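Remember, it's a predicted structure, so these values are computed and weren't measured experimentally. Residues take their numbers from the sequence shown, with the count starting at 1.
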Amino acid sequence: MFNLSLYQKLAISLVIIFCFICALVYSWSKQLELNSKHHGEQNLHLALAEHLVQDNPLIKEGVYDYKALENLFHTLMLLGPAFEFYFVDENGKILTYSAEPGKVKRTHINLAPLKTLINNPDAAPIYGDNPRDQTQQKIFSVAPVFNNDTLQGYLYVIIGGEAYDTSLNNIKSNDRLWLAALWLTSALAFLLIAMLILLRFFTNPIQRLAQDVSNIEAANYSLTDTKLSNFSTQKSNEVHSLGRSIQAMVTRINEQFKALEQSDKQRKELLTHLSHDLRTPLASLQGFLEVLNQSGSQLSANEQQEYLHVSLNNCAQLKQLIEQIFELAHLENGEISIHKETFNLGELIYDCIAKFSLAADSKGIKLSVEPAICDFPVVADIAKLERVLSNLIDNAIRHTPNGGNIAVHVKHIDNAQLFVQVSDTGVGIKHDELDAIFNPHYQASNSNNEGRQQGGLGLAICKGLLALMDSEINVQSELGKGTMFSFNLPQKIKV
């Protein structure tokens, strides 16, 4: 009973309410019909008893021959089978009547309704005691009977007596009346079925929506193998709007689940790669230190110096990699704050160029700045921007062959923006790898590390730092011709 669907609950409730309303309306209509009928009949025969008293000498003279009066009542009942006649005294005792033995159940009647009708005939319908039934009430006509000025009793006429009720019940059992009642019942049943069909139509979208939610829950909120119902955008009712909203919400949740799964997969891959990157220089460092420790006296001074130099390089690589890991973690967690200030962009670029001049000279690479006089005030975090330029220039030197060129271009976009480009004539990057090079630990297939272990985090750090400064990094590259990284900076407007 408690596991019924919404439609079943509404349908049962509708049937109960419908039946209750039908019963209430039927009872009210029958009561109204009966009341109207009794009102009309009592008003129609209101003066019947009075006319009988005035027109019949047996009653009018106040001298009663009860046997003769009984015969009179019998004759009147033959002429008018719908009436029953009784003569009662001033205390309500029934003195005479015409009826078969045992038919009359009462010996007294209540006179209060009789006096009410005599004094206020407009109060009809008024019901009095039915002498032939201990509990039933009937409409009546009444007239007081006087002998001179002395009240002798009342002529009490029941309207619609037992014979009338029997005849009426026989008529009600007529086939035509039953047929009419059958048609009425059929019409009501058709109305109920039509209402149930409409209710089914209106609740069907809710049932489909509930089924969709159950299917999604059973599929662990995955939409891969789950087919959802189609809620038309042409319909603006609440159920369809709710269905579309829930489907959009579930789709969004499914996308977030996939993004989390992808992020978790990338995190695991990153940890695997970082473990390898840390293990390689650490193993090399440990190997050279063990050689120095075990056979230091057997090595020449030049060999010892070479081993120490390699060990120091490995330590530097480990330090750089660990710093990059922490920096990327702080970026992803939003723990790095930006302190913007106004400074000269050209001075910062030349400082970065100077820092890498020795590495560039060793490979015969030409470093240049365009324009040479780069006097542009910008608003940015100088330390973060220096980190970005250093990463890009270092990356360019590593991927540019001997005798190549690296240039830092500064261009105007508009009066409020500068466009910074770091381009090289290096090996370039495949077109299908351009979107992936900013992912942590991703290294292009043609990367050149020159014997140094790199974590592949530099470009990811550059992208994160520039995003904090409301800038976006872009890349253009062609295999064998070189690569160009570019980003925008807000310019300090000179007043």
Side-chain angles (χ1 to χ4, degrees), residues 31-169 171:
Q31 185 62 35
L32 180 63
E33 176 190 2
L34 188 61
N35 189 69
S36 300
K37 175 186 174 184
H38 288 170
H39 190 182
E41 289 182 350
Q42 192 167 42
N43 283 335
L44 182 64
H45 301 100
L46 191 62
L48 175 62
E50 184 177 356
H51 288 312
L52 288 175
V53 170
Q54 296 297 328
D55 296 341
N56 198 296
L58 285 175
I59 303 175
K60 182 177 181 181
E61 294 177 359
V63 178
Y64 309 116
D65 182 345
Y66 293 119
K67 187 62 178 177
L69 195 56
E70 180 181 342
N71 292 333
L72 174 62
F73 288 166
H74 178 71
T75 302
L76 292 175
M77 290 173 62
L78 290 176
L79 296 174
F83 305 101
E84 295 175 359
F85 300 90
Y86 301 91
F87 184 74
V88 298
D89 65 12
E90 65 274 16
N91 297 317
K93 181 180 180 181
I94 301 175
L95 299 178
T96 187
Y97 52 85
S98 176
E100 296 179 4
K103 285 287 186 180
V104 176
K105 307 297 183 182
R106 296 176 185 260
T107 59
H108 290 74
I109 63 171
N110 184 11
L111 295 179
L114 282 64
K115 295 177 181 179
T116 301
L117 185 62
I118 293 172
N119 296 327
N120 186 17
D122 294 332
I126 298 174
Y127 297 89
D129 293 337
N130 180 11
R132 301 194 182 203
D133 192 284
Q134 291 288 354
T135 59
Q136 193 178 31
Q137 299 281 298
K138 287 280 191 176
I139 56 173
F140 61 91
S141 177
V142 64
V145 178
F146 292 93
N147 186 1
N148 295 324
D149 293 330
T150 304
L151 178 63
Q152 299 295 311
Y154 299 91
L155 178 61
Y156 183 52
V157 182
I158 294 294
I159 302 172
E162 185 178 26
Y164 175 82
D165 290 342
T166 302
S167 177
L168 186 63
N169 290 333
I171 293 174

* Asked: For Ala143, what residues pass the side-chain contact (heavy atoms from CB on, under 4.5 Å) criterion, not counting sequence neighbours?
  -> Ala49, Glu50, Val53
* Structure fact -> The reported gap from OG1 in Thr135 to CG in Asn130 (rounded to nearest 0.5 angstrom) is 9.0 Å
* Can you sort out the partners of Asn110 under side chain to side chain donor-acceptor pair (under 3.5 Å), two or more places apart, ordered by chain and number? => none
* To do: Identify the heavy atoms of Gly92 and Leu111 that sit nearest to each other, and give their distance.
  => N-CD1, 3.4 Å
* To do: Check step by step if side-chain contact (heavy atoms from CB on, under 4.5 Å) holds for Val104 and Tyr86.
  => CA-CA 10 Å; Val104 176; Tyr86 301 91; 4.1 Å; yes
* With sequence neighbours excluded, what pairs up with Gln134 under the side-chain contact (heavy atoms from CB on, under 4.5 Å) test? -> Lys105, Arg106
* Please assess Ile159 against Phe83 for the test side-chain contact (heavy atoms from CB on, under 4.5 Å), listing each intermediate value before the final yes or no. => CA-CA 5 Å; Ile159 302 172; Phe83 305 101; 4.2 Å; yes
* Between Tyr156 and Asp129, is there a donor-acceptor pair closer than 3.5 Å when you use the side chain of the first and the backbone of the second? -> yes
* To do: Measure the CZ-CG distance between Phe87 and Leu95 for me, rounded to the nearest 0.5 Å.
  => 6.0 Å
* To do: List for me each residue that meets side chain to side chain donor-acceptor pair (under 3.5 Å) alongside Thr107, sequence neighbours excluded, and say none if there are none.
  => none
* Structure fact -> Sorted by chain and number, sequence neighbours left out, ring-ring contact (aromatic ring centres under 6.0 Å, His included) with Tyr154 holds for none
Hey, can you pull the donor-acceptor pairs under 3.5 Å for the side chains in residues 117-124, sequence neighbours left out?
unit_1	atom_1	unit_2	atom_2	d
Asn119	ND2	Lys115	O	3.1

* Carefully, step by step, assess Phe140 and Ile126 under the rule side-chain contact (heavy atoms from CB on, under 4.5 Å). => CA-CA 8 Å; Phe140 61 91; Ile126 298 174; 4.2 Å; yes
* Where Ile94 and Ile109 come nearest, the two heavy atoms and their spacing -> CD1-CG2, 4.1 Å
